[in-house]
Peer 1: 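Have a look at this one before I ask anything.
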Amino acid sequence: MLKEYRSITNISGPLMIVEEVEGVKYEELVEIKMDDGSSRNGRVLEVNNDKALIQVFEGTTGIDTEKTSVKFTGKGIHMYLSPDILGKIFNGLGRPKSAKDQILPEKSLDINGSPINPYSRDYPNEFIQTGISAIDGLNTLVRGQKLPIFTGSGLPHNRIAAQIARQSAVLGKEEEFAVVFVAMGITFEESQYFIDDFTKTGAINRSVLILNLADDPAIERIATPRVGLTCAEYLAFEKNMHVLIILTDMTNYCEALKEISAARKEVPGRRGYPGYMYTDLATIYERAGRIKGKKGSITQIPILTMPEDDKTHPIPDLTGYITEGQIILSRSFHKKKISPPIDVLPSLSRLKDKGIGKDKTREDHADLFNQLYAAYARGKEVQELAVILGEAALSDIDKIYFKFAEDFEAIYVSQGEYENRTIDQTLDLGWKLLSVFPRTELKRIRDEFLDKYLPLFKKESSDKKITVSGGEK
């Protein structure tokens, strides 16, 4: 029988203090019984002698300190799991969203799992195809990697997230692949968009959706990514599946962390965020990867909105330290109707070299992306020069680079929301674009690959000229 306490002494924001408690543990779940018969849930944040600091998930509004009772359950937040979680939708605390999302649990796991021991980690080295050329061709996603997307307010990151979730696949061997989609602090319209899109395309059948809405308690948002990671760990390391977990939006998570820190009257760090935010984010990001001797893997794509498009803001800054690269969305690309608006020059996948090449993607992949990157970078420089000097001042080769940069953005980076390109299609598209250059300009590609691939696309481009989107392609 759980002991009932009626010794609430202080309430501040979402927090309350209960005194004269015994045997209470950190992060223990709490049941709060109101005088009108309704109940709320909470979690122990801190224990000091006989005092317990509790965060109330549903907020403390309407709680009468004298007429409210508190019970400590003796356990933390658990997620009930079975293979049936695929195709189901849960709230931020891992509870089924509706009757049809109920499951028959096989086991229950504490959501505060441990980061993977560095000694037992296996190195990420296998390619995951997202169907998006700007990612697959230039910033390749590797199984077991943490690759965040840095976006700005109003950019179509939700559509990109849904497209990646819908299209992602492990190539080669027939292996079970699942997506855990975690959304934090999103609007009802956004949540409905994800549910409708996943249902309409059939992606829901291999997915688990964890949805925390903007009007849900901020404290629930702290648990949401951990609920998703617990599902991913179960599917990957107990059911031998390859799992892609998408976390959107990590900025909403950090704002909830800041709100709770302020309620606890903690000394703030940079821009008011708690000083332990780096450690807290690491406990989320470091739960991705591969484990030696285990067939399954967890690949993570956190999505975060940069406040005021500022890459030096604490959230993207700290995320960049912990993860292995970043995909950056560009507001100027979005204005130019380039979709997805991925700016490939500042984007980076630190593990891309490990997941490409012969028997993974194609033998020419590494040379090709180096040449595309170099040609595009020079093309952007030429475009800047043309603004100052005028196009008439450009040399003939500069004009080719100028045109290449336009074509690259319009044909290679830009693609339809439901256009799923295979890695071969992406690589062939790169060769088509590079075929406008004289062979002497393609210095980053080995002769053996130039001999093998360039004649095919030189002939094709002479038969059918490639121009900017809207013209002949």
Side-chain angles (χ1 to χ4, degrees), residues 1-82 85 88 90-97 99 101-114 182 184 210-212 216-231 233-234 256-257 259-260 263-264 280 283-284 287:
M1 185 72 180
L2 298 175
K3 188 174 179 181
E4 202 170 89
Y5 294 91
R6 288 184 176 270
S7 47
I8 301 170
T9 58
N10 194 8
I11 292 177
S12 174
L15 308 177
M16 69 183 191
I17 294 173
V18 182
E19 294 190 355
E20 300 170 22
V21 299
E22 297 172 355
V24 173
K25 295 178 292 191
Y26 174 61
E27 293 207 329
E28 189 174 332
L29 277 182
V30 177
E31 292 175 4
I32 302 156
K33 201 80 173 171
M34 311 275 283
D35 59 331
D36 61 357
S38 63
S39 62
R40 298 184 190 181
N41 298 297
R43 183 176 66 163
V44 176
L45 274 186
E46 203 174 301
V47 181
N48 186 2
N49 296 324
D50 68 339
K51 297 181 181 68
L53 179 66
I54 298 167
Q55 58 181 26
V56 184
F57 292 137
E58 296 86 356
T60 55
T61 308
I63 291 181
D64 187 327
T65 55
E66 293 179 3
K67 297 178 182 176
T68 303
S69 65
V70 176
K71 286 181 184 176
F72 295 90
T73 63
K75 62 179 183 179
I77 302 174
H78 278 61
M79 177 69 188
Y80 292 97
L81 297 159
S82 81
I85 59 173
K88 301 291 194 293
F90 301 91
N91 69 12
L93 288 173
R95 309 287 181 264
K97 272 280 189 185
D101 297 314
Q102 298 279 354
I103 62 165
L104 199 61
E106 179 182 274
K107 69 186 305 181
S108 151
L109 290 176
D110 191 318
I111 65 165
N112 294 299
S114 303
V182 181
M184 294 161 277
I210 317 284
L211 303 178
N212 165 265
D216 288 335
I219 294 160
E220 182 182 301
R221 214 156 292 148
I222 302 298
T224 304
R226 293 174 173 85
V227 168
L229 284 160
T230 305
C231 294
E233 286 164 351
Y234 170 77
L257 207 63
E259 187 180 321
I260 292 162
R264 292 174 69 177
D280 193 277
T283 63
I284 294 173
R287 286 172 70 177

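If you're wondering where the values come from, they're calculated on a predicted model, not measured in any experiment. Position 1 is the first residue of the sequence; numbering continues from there.
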Peer 1: Evaluate the criterion side chain to side chain contact (heavy atoms under 4.5 Å, CB included) for residue pair Ile284 and Leu229; output intermediate values, then yes/no.
Peer 2: CA-CA 8 Å; Ile284 294 173; Leu229 284 160; 3.7 Å; yes

Peer 1: For Ser69, does its backbone N or O pair with a side-chain atom of Glu4 as donor and acceptor, under 3.5 Å?
Peer 2: no

Peer 1: Is there a side-chain contact between Met16 and Ile32 in this structure, where contact means two heavy atoms from C-beta onward sitting under 4.5 Å apart?
Peer 2: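 Yes; the side chains approach each other to less than 4.5 Å.
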
Peer 1: Taking the side chain as everything from C-beta on, heavy atoms only, tell me whether Lys97 gets closer than 4.5 Å to Leu211.
Peer 2: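 With C-beta onward as the side chain, the pair touches.
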
Peer 1: Can you see whether Tyr234 engages Glu106 through a side-chain donor-acceptor pair at a distance of less than 3.5 angstrom?
Peer 2: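 Note: Tyr234 and Glu106 side chains meet the donor-acceptor criterion.
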
Peer 1: How close do Ala223 and Ile111 get, counting heavy atoms only, and between which atoms?
Peer 2: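 Heavy atoms only, the tightest pair is CB-CD1, 3.8 Å.
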
Peer 1: Are side-chain heavy atoms of Val30 and Val44 found at a separation under 4.5 Å?
Peer 2: yes

Peer 1: Flag the pair Lys33 / Lys71 as yes when at least one side-chain heavy-atom distance between them is below 4.5 Å, and no otherwise.
Peer 2: no

Peer 1: Is there a side-chain contact between Ser108 and Leu81 in this structure, where contact means two heavy atoms from C-beta onward sitting under 4.5 Å apart?
Peer 2: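 No; the side chains remain at least 4.5 Å from each other.
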
Peer 1: Considering all heavy atoms of both residues, which atom of Val24 and which atom of Ala52 are nearest to each other, and what is their separation?
Peer 2: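 For Val24 versus Ala52, the nearest heavy atoms are CG1-CB, 4.3 Å.
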
Peer 1: Take Cys231 and Met79, measure what side chain to side chain contact (heavy atoms under 4.5 Å, CB included) needs, and give me the verdict at the end.
Peer 2: CA-CA 8 Å; Cys231 294; Met79 177 69 188; 3.7 Å; yes

Peer 1: Do any N or O atoms from the side chain of Thr283 and from the backbone of Asp280 form a donor-acceptor pair under 3.5 angstrom?
Peer 2: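 It does hold such a pair.
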
Peer 1: Got a list of side-chain donor-acceptor pairs under 3.5 Å for residues 53-61, not counting sequence neighbours?
Peer 2:
from: Glu58; atom 1: OE1; to: Asn41; atom 2: N; distance (Å): 2.9
from: Thr60; atom 1: OG1; to: Gly13; atom 2: O; distance (Å): 2.4

Peer 1: Do Val18 and Lys51 pass the side chain to side chain contact (heavy atoms under 4.5 Å, CB included) test, and can you show the C-alpha distance, the side-chain angles, and the key distance before you say yes or no?
Peer 2: CA-CA 6 Å; Val18 182; Lys51 297 181 181 68; over 6 Å; no

Peer 1: Would the distance check show the side chain of Lys25 and the main-chain N or O of Gly74 forming a donor-acceptor pair, the cut-off being under 3.5 Å?
Peer 2: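 Yes, because the side chain of Lys25 sits within donor-acceptor range (under 3.5 Å) of the backbone of Gly74.
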
Peer 1: Going by heavy atoms in the side chains, are Pro225 and Met184 under 4.5 Å from each other?
Peer 2: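 Yes, side chains in contact.
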
Peer 1: Taking all atoms of both residues into account, what is the closest heavy-atom pair of Ile63 and Ile11, and its distance?
Peer 2: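 Of all heavy-atom pairs spanning Ile63 and Ile11, the closest is CG2-CD1, 3.8 Å.
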
Peer 1: Is there a donor-acceptor pair under 3.5 Å between the side chain of Arg221 and the backbone N or O of Asp216?
Peer 2: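 Present.
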
Peer 1: Do Ser7 side-chain atoms and Glu19 backbone N/O form a donor-acceptor pair below 3.5 Å?
Peer 2: yes

Peer 1: Measuring from Thr224:OG1 to Asn212:CG, what's the distance to the nearest 0.5 Å?
Peer 2: 4.0 Å

Peer 1: Heavy-atom distance under 4.5 Å between the side chains of Thr230 and Arg287, does that happen here?
Peer 2: yes

Peer 1: Is it the case that over 12 heavy atoms from other parts of the model lie below 6.0 angstrom from the CD atom of Glu27?
Peer 2: yes

Peer 1: Any idea which heavy atoms bring Asp101 and Pro96 closest together, and the distance?
Peer 2: O-CB, 3.6 Å

Peer 1: Quick one: pull up CZ in Arg226 and CG in Asp110 and give me the separation to the nearest 0.5 Å.
Peer 2: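 Between Arg226 CZ and Asp110 CG, I get 11.0 Å after rounding to 0.5 Å.
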
Peer 1: With heavy-atom distances below 4.5 Å as the criterion, would you say the side chains of Arg264 and Leu45 are in contact?
Peer 2: yes

Peer 1: Give a yes or no answer on whether the side chain of Thr68 reaches the backbone of Asp64 with a donor-acceptor pair at less than 3.5 Å.
Peer 2: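 Pair found, side chain donor or acceptor close to backbone of Asp64.
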
Peer 1: Can you tell me how far apart CG (Leu15) and CD (Glu46) are? Round to the nearest 0.5 Å.
Peer 2: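 Answer for the CG-CD pair, Leu15 versus Glu46, is 10.0 Å.
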
Peer 1: Counting N and O atoms only, with roles assigned by atom type, does the side chain of Tyr80 sit under 3.5 Å from a partner on the main chain of Leu109, one being a donor and the other an acceptor?
Peer 2: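 Looks like no, no N/O pair under 3.5 Å.
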
Peer 1: About how many Å separate CZ of Arg43 and CZ of Phe72, when rounded to the nearest 0.5 Å?
Peer 2: 14.0 Å

Peer 1: Side chain of Asn91, backbone of Arg95: donor and acceptor closer than 3.5 Å?
Peer 2: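 Side chain of Asn91 to backbone of Arg95, a donor-acceptor pair under 3.5 Å: yes, one is there.
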
Peer 1: Quick check for you: to the nearest 0.5 Å, what is the distance between Lys75 atom NZ and Leu29 atom CG?
Peer 2: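 It comes to 7.0 Å.
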
Peer 1: Give the minimum heavy-atom separation between Met34 and Arg40, together with the two atoms involved.
Peer 2: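 Nearest pair, atom of Met34 first, then Arg40: CE-NH2, 3.4 Å.
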
Peer 1: Could you report the tightest heavy-atom contact between Glu28 and Gly23, atom names first, then the distance?
Peer 2: OE1-O, 4.2 Å

